[in-house]
Undergrad: 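There's a structure below that I have some questions on.
First listed ligand is number 1; within each ligand, the first listed atom is number 1. In this text, all values refer to a predicted model and were calculated from it rather than measured experimentally. Because only heavy atoms are used, hydrogens play no part in the values below, and waters and symmetry mates are left out as well, while side chains stay in.
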Amino acid sequence: MQKYNSQQLMDIEHQYGAHNYHPLEVVIAKADGIWVEDPEGKRYIDMLSAYSAVNQGHRHPAIIKALKDQADILTLTSRAFYNDRWPLFAKKLAELTGKEMILPMNTGAEAVETAIKTMRKWGYKVKKVAANKAEIIVFKDNFHGRTTTIVSFSTDPDGHDFYGPYTPGFKIVPYNDLKAVEKAVNKNTVGIMVEPIQGEAGVVVPDDGFLAGLGKIAKKNKILLAVDEIQTGFCRTGKLFAYQYEDVNPDIIILGKALGGGVLPVSAVAANQSVLGVFKPGTHGSTFGGNPLACAVAMAAIDVLIDEKLTERAAENGAYFIARLRELQKRSDKIKLVRGKGLLIGLVLKKSAGRARQFTMALKEKGLLCKETHDWIIRFAPPLVITRADIDFAMEKIREVLI
Ligand SMILES: *Cc1c(COP(=O)(O)O)cnc(C)c1O
């Protein structure tokens with residue numbers, strides 16, 4: 001194969017690839033653990049982890065072994081037949097989430113769509129809401145994916161505008177505002193769907209008690225509570241799932257990203273039989289959902305989280321990283337706020353500092369790959385296998401750019 005350099009590759013992408021992203025100007029050609037490398041051999045620490053899809057680190061040996069071993073045996077059957085991996089993955093994920101049943105899909109957006117369909121169908125079949133009247137409460141500045149239904153209730157003009165006509169049946173209320181949720185509830189409300197921390201909005205952490213409060217409102221009014229843990233789940237925030245910081249037991253857990261171990265798209269909805277039982281044969285599905293290759297990879301991805309104690313490591317190293325960034329904040333006139341939990345961290349810049357993009361570009365030059373969120377926020381979300389020494393190394397670079 002002909003060798004291309006970074007500039008040539010970016011030029012080719014610009015010509016032939018649709019411009020639906022604005023990537024940082026770096027081409028990744030190799031990766032291992034927290035490190036990635038460009039075609040010229042320059043190495044960088046990955047501080048984004050593919051939006052938390054690479055929690056276990058790039059190409060974790062146990063996950064790659066599961067991928068290769070399974071590829072040699074069986075890859076795809078469709079659900080027209082049973083296969084010998086999906087039952088075991090379903091059992092493992094059910095036990096991990098404490099739910100009775102799993103519905104497997106591929107991308108996060110498909111899992112969110114599955115949760116929406118679950119809440120609606122449960123509303124009609126169990127709660128007995130009048131036909132086509134079901135309402136789901138969602139939150140301002142949410143991010144749940146890119147399908148036409150999901151962007152119908154996005155409040156981000158870039159994600160939302162020009163894709164109508166929009167799917168009705170969603171009520172949008174301010175995040176972190178339990179009173180607004182209570183006011184939005186009516187007899188047709190079937191579900192509340194929430195991110196435990198709003199990642200794409202800029203790592204927005206709600207007040208303690210918000211999720212527990214949603215749980216109480218849901219219970220009192222016979223409404224399903226669905227937590228979108230696609231970005232916050234699988235140890236990212238220092239708990240296995242971010243909702244576990246609160247005294248709440250959500251009815252539906254939406255999973256994706258790191259469930260695929262940074263290797264394949266694997267997503268799922270976890271819930272009890274009384275909820276997921278609304279689906280009968282033929283009423284929902286996916287050709288690739290539950291495929292043996294994805295199931296083998298996902299089982300290995302879960303094992304790595306447990307075996308390598310990534311919950312504890314994210315909690316400890318995240319607290320350390322946040323403390324170091326807050327120390328820097330005291331000495332920098334550019335940083336307004338550092339927020340987050342575990343290794344999901346948002347650094348909010350002062351308006352006077354200039355746009356986040358100039359800093360992510362400067363950090364790239366120093367060997368750290370971060371992505372800005374909106375104009376003023378830099379997100380730090382490295383693979384959870386990062387060490388304290390790596391964080392110290394990264395902090396030197398961050399200090400050079402932000403002091
Ligand atoms: C990434 C993400 C999604 C969408 O997942 P895709 O795999 O990109 O479809 C949904 N919800 C949240 C919270 C996410 O971070």
Undergrad: What do you think, any protein heavy atom under 4.0 angstrom from atom 8 (O) of ligand 1?
TA: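 No, there is no protein heavy atom closer to it than 4.0 Å.
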Undergrad: Give the atoms of ligand 1, by number and element, whose distance to some non-hydrogen atom of H144 is under 4.0 Å.
TA: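 That gives atoms 10 (C), 11 (N) of ligand 1.
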Undergrad: Heavy-atom distances under 4.0 Å are what count here, so tell me which part of F143 touches ligand 1: side chain, backbone, both or neither.
TA: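 Both the backbone and the side chain of F143 come within reach of ligand 1.
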Undergrad: Do any N or O atoms from the side chain of N317 and from the backbone of I386 form a donor-acceptor pair under 3.5 angstrom?
TA: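 Yes.
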Undergrad: For F321 and F380, take the angle between the two ring planes, folded into 0 to 90°, and tell me which bin it lands in: parallel under 30, tilted 30 to 60, perpendicular over 60.
TA: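 The arrangement is tilted - the two ring planes meet at 30° to 60°.
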Undergrad: Would you call the rings of F153 and H144 parallel, tilted or perpendicular, where under 30° means parallel and over 60° means perpendicular?
TA: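 Plane angle between 30° and 60°, so tilted.
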Undergrad: Which atoms of ligand 1 sit under 4.0 Å from any heavy atom of Q231?
TA: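 That gives atoms 15 (O) of ligand 1.
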Undergrad: Going through the distances and angles, do Y51 and F143 end up as a ring pair (Phe, Tyr, Trp, His ring centres under 6.0 Å)?
TA: CA-CA 12 Å; Y51 301 92; F143 182 83; 8.5 Å; no
Undergrad: Of the backbone atoms (N, CA, C, O) and the side-chain heavy atoms from C-beta on, which set of E195 has a member under 4.0 Å from an atom of ligand 1: side chain, backbone, both, or neither?
TA: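 It is the side chain that gets close, since no backbone atom is under 4.0 Å.
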Undergrad: Would you mind checking which non-hydrogen protein atom is closest to atom 14 (C) of ligand 1, with the distance to 0.1 Å?
TA: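 Result: K257 NZ, 3.0 Å.
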Undergrad: Would K341 pass as a cation-pi partner of Y245, given that its NZ or CZ must be under 6.0 Å from the six-membered ring centre and within 45 degrees of the axis?
TA: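 Yes, K341 lies over the aromatic ring of Y245.
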Undergrad: Under a 3.5 Å threshold, yes or no: a donor from one side chain and an acceptor from the other, between E135 and N186?
TA: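 N186 and E135 do have a side-chain donor-acceptor pair below 3.5 Å.
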Undergrad: Between E110 and T107, is there a side-chain donor-acceptor contact under 3.5 Å, judged purely by atom types and distance?
TA: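 A pair is found: one side chain offers a donor N or O, the other an acceptor, under 3.5 Å apart.
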Undergrad: Would you check whether E200 has a nitrogen or oxygen atom less than 3.5 angstrom from a nitrogen or oxygen atom of ligand 1?
TA: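 N/O-N/O distance below 3.5 Å does not exist for this pair.
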Undergrad: N/O to N/O below 3.5 Å, does that happen between G108 and ligand 1?
TA: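 So ligand 1 has an N or O lying under 3.5 Å from an N or O of G108.
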Undergrad: Number the atoms of ligand 1 from 1 as they appear, then name those within less than 4.0 Å of a heavy atom of D228, with their elements.
TA: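 So the answer, numbered in order with elements, is 10 (C), 11 (N), 12 (C), 13 (C).
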Undergrad: For Q7 and D11, does a side-chain donor sit closer than 3.5 Å to a side-chain acceptor?
TA: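 Side-chain D/A pair, Q7 to D11: present.
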Undergrad: How does E110 reach ligand 1, if at all, at less than 4.0 Å between non-hydrogen atoms: by side chain, backbone, both, or neither?
TA: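 Answer for E110: neither.
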Undergrad: Does any N or O atom in A109 lie less than 3.5 angstrom from one in ligand 1, N or O only?
TA: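 Yes, A109 has an N/O under 3.5 Å of an N/O on ligand 1.
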